[in-house]
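Everything on this sheet refers to the single structure shown next.
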Amino acid sequence: MYMNAILHGHACSPVLLRSPGAMEDTSSQKSGRSKDIRSSLTPEESPVHFIHIRLEEYEPVNLSTQDLILKKAREVCQCNHQTIITFFCHLFPVLDWLPRYNVKTQLLGDVISGLLVGIVAIPQSISYSLLANQDPIYGIYTNFFCNIIYFAMATSRHNFVGSFGVLCLMIGQSVNRHLQLAGYSDDNAGSSPMGNSTSSANGTGACDRSCYAITVALSLSFLVGLYQILLGVLQLGFVSVYLSEPLLSGFVTGSSLTIITSQMKYLLGVKIPRHEGVGSFILTWVDLFRYIQNTNICDLVTSLVALAIIVPVKEINDRYKDKMKAPFPIELLVVIVATVLSYYFNFEERYKSAVCGDIPTGFRKPTLPDTKLFSSLAVDALPIAIIGFAMTVSLAEIFGKKHGYAVRANQEMVAIGMCNLIPSFFYCFASSAALTKTLLKESTGTQTQVSGLVTSLVLLLVLLWIAPLFYSLQTSILGVVTIVNLRGGLRKFCDTPRMWQLSKVDTVVWWMTMLASTLITTEIGLLVGVCFALLCIIFRTQRPRAALLGKVSNSEIYEDQSTYKQLSSIANIKIFRFESSLYYANKDYFKTILYQKTGVNPTLLAAKHRKVEAQANADTGKSKSFFCTRSDCLKPAKKKAEKSPADVCPPSVDMHTLIIDCGAMQFIDTAGFSVLKEMHHDYKDIGVQVLLANCNPSIRHLLQEGGWAGKTDCGSQLAFHSVHDAVKFAERWYHVQQESKEKKDALLDPEDLNFQASL
């Protein structure tokens, strides 16, 4: 027996049977309750009939908040040997994978990848320190410590954690703002005094400009790490879902433009004031053109030559990366050659070129963050923390999916938080997963985070012996290295036409975030991007797409009539689909577009109905007075006059059933439910029944609790599980109504004949 059943918990539901027969309610047998199976139409009336079945839902487990908390606490607070081991393995994943490390198959790839990434990280660490408004040594510290911590706590095998250009820009803006508040001028911006020198200037207490800058940066890093650890511990990784790919891409591109602007003064060798806040991008370019006559020719020529060498080689590396075993380390080669030339030709004294200056070796004693700065840095740390963990988690998931291993997002947040919290005691600034070095790491055959330890060893050599050799390195070369590594962000402009074809809304989000990040500030640009993206989502749900559906021939499929050809309409039945949830923000639009698509406004038709009824009542009164003056033999005419005035001239309606396809509705709130009930009442007044189809369990539960079906007449007010069943039910319902009307009219025919005979 073929059966297509619509199941509805605790409410009447129609079941369409293709052949007559008994049907057992298995759920009623299971619960021990009696079956409630009733036929709305007898088999004698039609071979196709409907049976109403009452099915029982599973009883929900109702736990109080206190019981739920206690249950979770018992699960977490179990203390035994196995629980402790599991806890530490989750907190330090290295304890899980390192004992299974295969030296023969994995070590070679990790060593090669670690060496190459370490070579690339040397110049980038120094250049990004300049971007963060710090001395070069602190960038090397940051990359050294972060790789060691991430090795122990990460679930990603491919991420490289260290200085990241966008974060360094945000750190530099915050540091510069606090330097200005503390009274430090920009006169020393080009110099690089080291943090071990002390001064009591400006009332900051035994700390010069460089010392105060790193104090602000490490305090900021501490707060960033604290935020990220809290997000990971509290399982708040879902926050990153609000940073969509177009939003992050636009933010990175806008930040790249800001970084390029900030590095132009080093390429030209000019000293200009550093601008912060709204409009700093435009003001910086205005100052660059204002002071362009002060350009240092040596720095300009060196920058152009470095660009002419680095850019083509990196393009070749990108194009032939599949054929090359390892990319050519052109950045390091240029840095070495530029340092040697600057040293032997004495660019600093002869041409007044700005150089890195003294870079100390070894490590400094650990220090504590300045708690007095926490109140002023708390707001600055929040966007840095969000961008940092969003980049880290997204890159980890991308490469985890590509190489077939699981990544735990919350553990990644704890890991990156520790990479910011612990190094803050060792003169490091905030860090995250770096895109370019992560791609390099993955492309050179890394297998595990052992490659991160190899990279740290390379940086250790620089910290202990090599760092002083970079004394004569020009800052213009560092600016070139920074700008060249932003090519990926600038390439996003070429992707916008394709993005426009795929999604115009995403493209608008990209442009809005990019322009806000560039023309306002990076922090406000991120906020503007998030708010604008959310507004786009709200707008798309507030005015969603709606359509009338037609049937595909010889099938049970119903699709949009305005999109597909050769769809047939169902006679006197309109099927309406609303492609969004129904809630307070779109309830008015729902009614408007429904009336527009169906061409039937029940409110206007009801008003027309009342007008016709009033006119008919007036005409009936006149007719009564006329017939009563003649004789009492015209009783049949009196009977006709007593018929409903609406029957005399009913309003024209081209449908008897409206089916609403709720398949795209995830939820309906109280305001949306009120609109449904109001709409159902209005259509019922003009003789049109309303059926719902494809309702999910939560919506059916709302309909049941809200009294949509009611205690009686349940057959015409139910939520069906498919559009086709609703159509079949509507057709059969209309057929029964017509048969009932014909029988009623047949009973009145003898009286009409007698009335005509008497006349």
Side-chain angles (χ1 to χ4, degrees), residues 125-142 144-145 163 168-224 262-263 265-266 269-276 348-349 352-377 380-381 423-430 462-463 467-468 470-475 478-479:
S125 300
I126 300 174
S127 61
Y128 285 156
S129 299
L130 197 68
L131 184 60
N133 211 3
Q134 303 296 325
D135 294 330
I137 191 65
Y138 300 129
I140 303 176
Y141 283 160
T142 300
F144 172 76
F145 285 107
S163 53
C168 289
L169 172 67
M170 301 171 74
I171 294 166
Q173 291 174 344
S174 180
V175 169
N176 190 67
R177 193 180 309 120
H178 282 80
L179 286 173
Q180 292 178 351
L181 292 175
Y184 291 101
S185 64
D186 288 335
D187 296 337
N188 299 327
S191 62
S192 301
M194 296 315 301
N196 50 9
S197 59
T198 57
S199 173
S200 59
N202 302 305
T204 56
C207 193
D208 63 1
R209 187 181 190 278
S210 175
C211 173
Y212 190 72
I214 189 58
T215 301
V216 174
L218 66 88
S219 301
L220 183 64
S221 179
F222 180 87
L223 289 177
V224 169
S262 68
Q263 298 300 299
K265 63 181 180 180
Y266 300 113
V270 297
K271 292 183 179 180
I272 61 173
R274 184 164 182 169
H275 298 282
E276 298 293 337
E348 181 182 12
E349 295 182 2
K352 305 300 180 184
S353 293
V355 297
C356 290
D358 289 323
I359 303 178
T361 58
F363 296 93
R364 301 183 60 183
K365 294 181 180 179
T367 186
L368 293 175
D370 190 351
T371 55
K372 296 178 182 178
L373 296 172
F374 284 176
S375 58
S376 59
L377 291 172
D380 293 343
S424 67
F425 299 104
F426 299 94
Y427 298 91
C428 300
F429 48 82
V462 177
L463 287 171
F470 293 106
Y471 175 93
S472 300
L473 177 62
Q474 294 170 270
T475 55
L478 297 178

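Computed from a predicted structure; not experimentally measured. Keep in mind that the numbers below use all heavy atoms, side chains included, and drop hydrogens, waters and symmetry copies.
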Do Phe429 and Ser163 pass the side-chain contact (heavy atoms from CB on, under 4.5 Å) test, and can you show the C-alpha distance, the side-chain angles, and the key distance before you say yes or no?
-> CA-CA 8 Å; Phe429 48 82; Ser163 53; 4.0 Å; yes
Would Asp135 and Ser210 count as a side chain to side chain donor-acceptor pair (under 3.5 Å) if you check the C-alpha gap in whole Å, the side-chain angles of each, and the deciding distance to 0.1 Å?
-> CA-CA 7 Å; Asp135 294 330; Ser210 175; 2.3 Å; yes
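Summarising the geometry, atom CD1 belonging to Ile214 is positioned 8.5 Å from atom OH belonging to Tyr427; distances are rounded to the nearest 0.5 Å. In this structure, NE2 on His275 lies 6.0 Å from CD1 on Ile272, to the nearest 0.5 angstrom. The structure places OG of Ser376 at 3.0 Å from NE2 of His178, a figure rounded to the nearest 0.5 Å. Between atom SG of residue Cys356 and atom CD of residue Glu348 there is a gap of 10.5 Å, rounded to the nearest 0.5 Å.
Checking side-chain atoms of Ser219 against main-chain N and O of Asp370 turns up a donor-acceptor pair under 3.5 Å. Within the 3.5 Å criterion, the main-chain N or O of Ala217 finds no donor-acceptor partner in the side chain of Ser221. Checked by atom type and distance alone, the side chain of Ser129 pairs as donor or acceptor with a backbone atom of Gly139 at under 3.5 Å.
Taking each heavy atom of Leu377 and Leu220 in turn, the nearest pair found is CD1-N, 3.7 Å.
In this structure the side chain of Phe374 reaches within 4.5 angstrom of the side chain of Pro369, judged on heavy atoms. Side-chain atoms of Phe425 and Thr367, non-hydrogen and from C-beta on, never get closer than 4.5 Å to each other. Side-chain contact between Leu130 and Tyr266 is present, with heavy atoms from C-beta onward closer than 4.5 Å. Within the 4.5 Å cutoff, the side chain of Arg364 has heavy atoms near those of the Tyr141 side chain. Side-chain atoms of Leu463 and Thr361, non-hydrogen and from C-beta on, never get closer than 4.5 Å to each other. Side-chain contact between Leu169 and Tyr128 is absent, with no heavy atoms from C-beta onward closer than 4.5 Å. Proximity of Ser174 to Met170: side-chain heavy atoms (C-beta onward) are nowhere separated by under 4.5 Å. You'll find the side chain of Leu478 reaches within 4.5 Å of the side chain of Leu473, heavy atoms only.
The ring pair (Phe, Tyr, Trp, His ring centres under 6.0 Å) test applied to Phe470 returns no partner, not counting sequence neighbours. Applying the ring pair (Phe, Tyr, Trp, His ring centres under 6.0 Å) test to Phe145 and every residue at least two apart in sequence or in another chain returns Phe363, Phe426.
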